[in-house]
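Only this structure's heavy atoms are used, side chains among them; waters, hydrogens and symmetry mates stay out. Residues take their numbers from the sequence shown, with the count starting at 1. Source: prediction; values computed, not measured.
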Amino acid sequence: MATFEARSHVDATGKLVLHVPPSFAGSEVRVVVESTNGASPGRPTRAERSATLRRLSGSITDPTFGRPPQGEFERRGSLD
């Protein structure tokens with residue numbers, strides 16, 4: 001199996017232009033897109049979300065940070 005590696009840029013619309021060597025003409029190919037800048041495009045996996053929550057949990061160290069009082073619940077009349 002012949003392989004080659006290329007680096008390119010995806011534009012703002014999501015287009016990627018890939019120039020393949022002529023020796024691949026007429027071949028069936030498999031393209032794997034991998035970010036080289038550490039970005040994780042698309043929806044994060046459950047494991048990635050869990051890792052983010054674990055990393056952020058307890059990260060606010062300001063002792064004055066908290067949820068302010070929310071007030072009283074408004075009582076409304078019956079709809080009957």
Side-chain angles (χ1 to χ4, degrees):
M1 168 174 45
T3 64
F4 88 100
E5 184 175 322
R7 291 179 182 256
S8 191
H9 179 76
V10 179
D11 70 15
T13 65
K15 283 187 180 178
L16 170 68
V17 176
L18 181 63
H19 297 281
V20 180
S23 60
F24 283 83
S27 300
E28 182 176 317
V29 297
R30 178 173 57 114
V31 177
V32 177
V33 178
E34 178 180 59
S35 175
T36 59
N37 63 0
S40 180
R43 186 174 179 191
T45 65
R46 173 176 254 171
E48 290 171 330
R49 290 191 307 269
S50 293
T52 299
L53 288 174
R54 280 193 302 279
R55 182 176 51 82
L56 293 176
S57 178
S59 63
I60 299 175
T61 58
D62 181 0
T64 63
F65 182 82
R67 182 176 180 184
Q70 301 299 299
E72 294 295 319
F73 181 72
E74 177 185 351
R75 302 254 182 221
R76 297 182 179 185
S78 175
L79 294 176
D80 294 312

Review point. Is it the case that one hydrophobic cluster holds both L16 and V29, taking links as side-chain heavy atoms less than 4.5 Å apart, direct or via other members?
Key: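 No, it is not one cluster - the side chains of L16 and V29 are not joined through contacts under 4.5 Å.
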Check your understanding: Do V10 and L18 share a hydrophobic cluster (ILVMFWY, side-chain heavy atoms under 4.5 Å, transitive)?
Key ->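 Per the 4.5 Å side-chain linkage, V10 and L18 are not co-clustered.
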Ignoring hydrogens and geometry, is there a side-chain-to-backbone donor-acceptor pair from [X] to [Y] under 3.5 Å?
| X | Y | answer |
| --- | --- | --- |
| S50 | A47 | no |
| S8 | V17 | yes |
| E34 | V32 | no |
| S57 | L53 | no |

Exercise for review: Would you mind checking if R46 and E48 are paired as a salt bridge, meaning a charged N to carboxylate O distance below 4.0 Å?
Suggested key: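 No, no charged N to carboxylate O under 4.0 Å.
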Point to revise | More than 12 heavy atoms from other groups under 6.0 Å of CD on E28 | key: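 It does not: E28 CD has 12 such atoms or fewer within range.
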Point to revise | F4, CZ atom: more than 12 neighbouring heavy atoms under 6.0 Å | key: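 Yes, enclosed.
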